Amino acid sequence: MKLSNFFLSTTKEAPAEAEIVSHQLMMRAGMIKKLGAGIYTWMPLGVRVLRKVENIVREEMNAAGAVELLMPVIQPAELWQESGRWDKMGPEMMRIKDRHDRDFIVQPTSEEVITDIARQELRSWRQLPKNFYHIQTKFRDERRPRFGVMRSREFIMKDAYSFDVDKDGLMKSYQIMYDAYARIFTRLGLEFRAVNADTGNIGGFASHEFQVLAESGEDVIAYAPDSDFAANLEMAEGVAPVAPRAAASKALELVHTPGQKTCEDVGTFLKLPLERQLKAMMYMSDSGFVLCMLRADHMVNEIKLGKVPALANYRPATAEEIEAHLGVEPGYCGPVPRHGNAHPDKVIVVADRTAAAMADFVCGANESGYHVTGGNWGRDCPEPDVVADIRSVVDGDASPDGKGVLKLRRGIEVGHVFALGQAYSAKLGAKFLDKDQKEQVMEMGCYGIGITRVVAAAIEQNHDEKGIIWPQAMAPFAVVIAALGYDRSAEVKAEADSLYASLSASGVDVALDDRGERPGVMFAELELIGIPHRITIGDRGLKEGMVEYQARRDTAATKVPLAEIAAFVARALA
RNA sequence: CGGGGCGUAGCGCAGCCCGGUAGCGCGCCUGGUUUGGGACCAGGAUGUCGAAGGUUCGAAUCCUUUCGCCCCGACCA
């Protein structure tokens with residue numbers, strides 16, 4: 001591609017609305033243009049990157065035995081009513097009507113359509129397993145689109161759907177996709193982690209998210225640097241402390257703590273670290289009033305809470321309910337009964353594993369303006385009714401697999417594999433005849449990659465103060481020839497043209513900057529748009545028979561004899 | 001949806017409090033000088049001041065309504 005023929009539109013300044021670096025750089029590099037909230041045009045430069053990502057995804061999906069098709073963006077409501085998602089999906093799903101006033105949706109995903117295809121086309125066990133995928137535009141009317149294409153309403157997703165005869169088959173298909181995803185993100189040159197994810201309420205039984213590690217990520221993942229353990233914060237298990245609970249060494253004491261309602265206040269007031277305090281969280285559930293106790297520096301994890309039987313259908317308790325059950329306002333609540341105030345018989349105490357292992361703790365005294373110090377389970381209050389993992393793990397916690405300690409990092413979810421089971425196939429009646437001529441419901445898996453989001457995530461991970469630094473596999477051009485004075489120097493023009501021709505002929509994805517821009521402008525732009533390899537040809541070097549090579553991450557250029565540059569570049573690209 | 005903020009030239013912004021006929025930087029156009037790190041000189045073009053209504057002799061500025069956009073907030077590729 002000759003850049004004089006291409007279309008570049010870069011700017012020095014980023015629009016004020018761009019908050020994160022990938023959004024700013026994509027706007028500055030002229031990769032995308034906003035058309036509305038969460039709706040973007042992909043400009044020529046951006047499309048080249050998108051296609052690179054798509055092609056790698058496509059190659060690996062095909063290599064993994066998945067077959068490509070293309071399902072419609074606009075889908076009739078009937079299928080979605082049949083699966084129940086027409087009612088379940090809420091305003092995130094875009095609904096439209098045609099001229100006959102019939103209902104349609106703009107697909108946020110395609111389980112319904114693919115399952116409809118499966119139930120019509122796949123009728124014998126001999127046809128299974130099968131994995132279909134497409135790369136298609138999605139629309140989700142996000143309550144808050146943001147960060148450019150990172151969370152846009154319209155985006156491009158690769159979604160694949162596997163169909164198997166049984167759970168064993170499904171788990172094999174799942175593993176094949178898991179491995180394919182690992183290869184895809186490795187080939188794309190991204191630093192990522194596959195993390196164990198919550199299967200949520202869809203009823204599936206295995207799920208992993210592929211997270212690109214980046215500080216700007218919206219998700220938090222916990223992983224063990226010394227092992228392959230990695231999980232979503234919601235999923236990472238907070239293991240019980242190894243050491244048994246210390247024996248009580250202090251007497252229970254009531255201390256006056258007027259106005260000290262938060263753990264931080266109390267800690268400062270009593271000059272005690274948060275690790276010595278218990279904090280109380282009050283909920284109402286199907287079982288009644290529940291008092292949850294955690295170490296004060298830990299955060300309650302609401303997904304884990306929901307998995308504790310005593311907290312089925314929980315919701316935060318109101319101030320009135322807290323007053324009624326504990327006899328005290330929030331801020332002074334705790335498990336230690338106080339005569340005339342506490343009502344331990346009506347209160348279910350759920351303690352986090354760490355909290356349950358604490359001795360000589362500080363907590364609310366169930367009396368306004370008072371805390372207790374030297375509190376101990378069993379001695380000063382009953383042992384907790386339930387001990388469970390109800391907190392989010394923190395940096396330095398023991399890894400659940402017993403290998404080292406956990407670290408927390410932020411991530412951007414770029415892929416998700418999900419063993420769905422029969423959630424859709426049962427509803428839509430996707431059945432087949434097995435070897436014994438018995439009708440069986442298919443086992444499904446679904447597997448998504450946010451193509452457009454991958455592009456943004458790659459920039460979050462690969463940039464510097466000058467601009468984007470593309471991983472070679474997804475660069476809009478692998479190599480650029482920066483011809484200095486192309487419009488003025490016959491020698492430069494001749495050598496640049498000939499190098500461009502020979503690299504092109506050998507299949508290198510090369511761009512020739514033949515625009516005759518001033519060197520400063522040219523270098524700044526090429527660095528901003530992040531071309532990983534640059535060959536600079538100028539009169540100055542040509543006098544000595546030399547050109548220069550500089551990788552985007554290099555701090556200085558390397559002089560290379562003109563005659564050797566093609567071979568040099570071939571090695572750099574390898 | 002709740003809270004906060006913003007709509008002025010292609011982009012980034014000032015002007016608004018305190019009404020008086022719209023300005024700066026970048027970009028763009030013309031000519032010249034330049035040409036190894038976003039050049040310099042001279043000249044030039046560009047706005048229904050988001051929209052509608054109101055107050056006023058007069059509105060970018062004050063009032064009302066409305067639309068759009070951004071940021072913060074527990075369902076996601």
Side-chain angles (χ1 to χ4, degrees), chain A residues 9-20 23-24 27-28 30 33-39 53 57 88-93 108-109 135-160 181 197-198 200-202 209-212 218-219 232-234 299-303 305-306 315-316 392 412-418 446-457 466-467 482-489 492 516-528 534 536-542 547-548 550 557:
Chain A
S9 63
T10 65
T11 59
K12 283 194 221 177
E13 287 170 305
E17 71 200 36
E19 284 284 308
I20 61 170
H23 189 194
Q24 292 168 353
M27 296 293 285
R28 283 191 54 206
K33 248 184 135 53
K34 187 172 79 174
L35 190 59
I39 304 179
V53 176
V57 169
K88 218 183 271 174
M89 281 291 279
E92 190 178 283
M93 184 162 76
T109 175
I135 297 175
Q136 178 63 291
T137 298
K138 300 283 180 286
F139 195 93
R140 294 184 192 175
D141 200 356
E142 295 274 353
R143 83 184 120 68
R144 187 148 92 82
R146 60 183 142 169
F147 304 149
V149 298
M150 190 74 85
R151 177 173 296 283
S152 50
R153 294 196 291 175
E154 182 173 309
F155 60 101
I156 298 173
M157 184 163 95
K158 185 285 301 174
D159 39 326
Y181 274 35
D198 186 25
N201 46 10
I202 311 178
E209 290 172 358
F210 285 77
Q211 297 268 0
V212 165
E218 294 185 274
D219 299 325
N232 243 340
L233 190 63
E234 296 86 59
M299 296 290 288
V300 70
N301 181 318
E302 299 183 345
I303 294 196
L305 278 190
R315 60 164 173 83
S392 293
I412 300 164
E413 184 187 355
V414 291
H416 199 159
V417 292
F418 203 120
C446 68
Y447 318 91
I449 291 179
I451 303 284
T452 39
R453 182 182 283 180
V454 162
V455 175
K466 290 174 178 172
L484 300 177
Y486 185 90
D487 55 335
R488 306 184 307 277
S489 162
V492 167
E517 284 287 355
R518 297 174 59 84
V521 174
M522 190 186 294
F523 292 145
E525 275 196 318
L526 296 177
E527 280 157 358
L528 172 62
R534 185 178 79 203
T536 306
I537 297 183
D539 274 327
R540 193 190 286 178
L542 284 182
V547 296
E548 285 162 33
Q550 185 167 359

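Convention: sequence-line order gives letters A, B, ...; per-chain numbering from 1. All values reported here derive from a predicted model rather than from experimental measurement.
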Under 4.0 Å, counting only non-hydrogen atoms across every strand here, what does [X] touch: a base, just sugar-phosphate, or nothing?
X: A:Arg146; answer: sugar-phosphate
X: A:Thr137; answer: nothing
X: A:Ala14; answer: sugar-phosphate
X: A:Glu413; answer: sugar-phosphate
X: A:Glu548; answer: base

Self-check item: Watson-Crick or G-U wobble partner of B:G10, both distances under 3.5 Å
Solution: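 B:G10 is paired, partner B:C26.
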Quiz item: According to the Watson-Crick and G-U wobble definitions, with both distances under 3.5 Å, which nucleotide is paired to B:C57?
Solution: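 Here B:C57 is engaged in a pair, and the nucleotide opposite it is B:G20.
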Quiz item: What do the steps show when you test A:Arg151 against A:Glu142 for salt bridge (Lys or Arg N to Asp or Glu O under 4.0 Å), and what is the final call?
Solution: CA-CA 8 Å; A:Arg151 177 173 296 283; A:Glu142 295 274 353; 3.2 Å; yes
Quiz prompt | Distance, nearest 0.5 Å, that separates CZ of A:Phe147 from CZ of A:Arg144 | solution =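 A:Phe147 atom CZ to A:Arg144 atom CZ measures 6.5 Å (nearest 0.5 Å).
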Quiz prompt | Sequence-distant partners of A:Ala457, side-chain contact (heavy atoms from CB on, under 4.5 Å), two or more places apart | solution =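 Applying side-chain contact (heavy atoms from CB on, under 4.5 Å) to A:Ala457 gives A:Val212, A:Ile412, A:Val414.
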Practice problem: With sequence neighbours excluded, tell me which residues meet side-chain contact (heavy atoms from CB on, under 4.5 Å) with A:Gln550. | Solution: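 So A:Gln550 forms a side-chain contact (heavy atoms from CB on, under 4.5 Å) with A:Arg534, A:Asp554, A:Ala557.
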Quiz item: So do A:Pro108 and A:Met89 actually touch side chain to side chain, heavy atoms under 4.5 Å?
Solution: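 Counting from C-beta outward, A:Met89 and A:Pro108 do come under 4.5 Å.
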Quiz prompt | First and last nucleotide of RNA chain B, 5' to 3', lying under 4.0 Å from heavy atoms of chain A | solution =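 Span of nucleotides near chain A: B:C1 to B:A77.
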Self-check item: Given RNA chain B, 5'-ward residue of the pair A:Gly485 and A:Pro145, judged by closest heavy atom
Solution: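 First, find each residue's nearest nucleotide; the 5'-ward one identifies A:Gly485.
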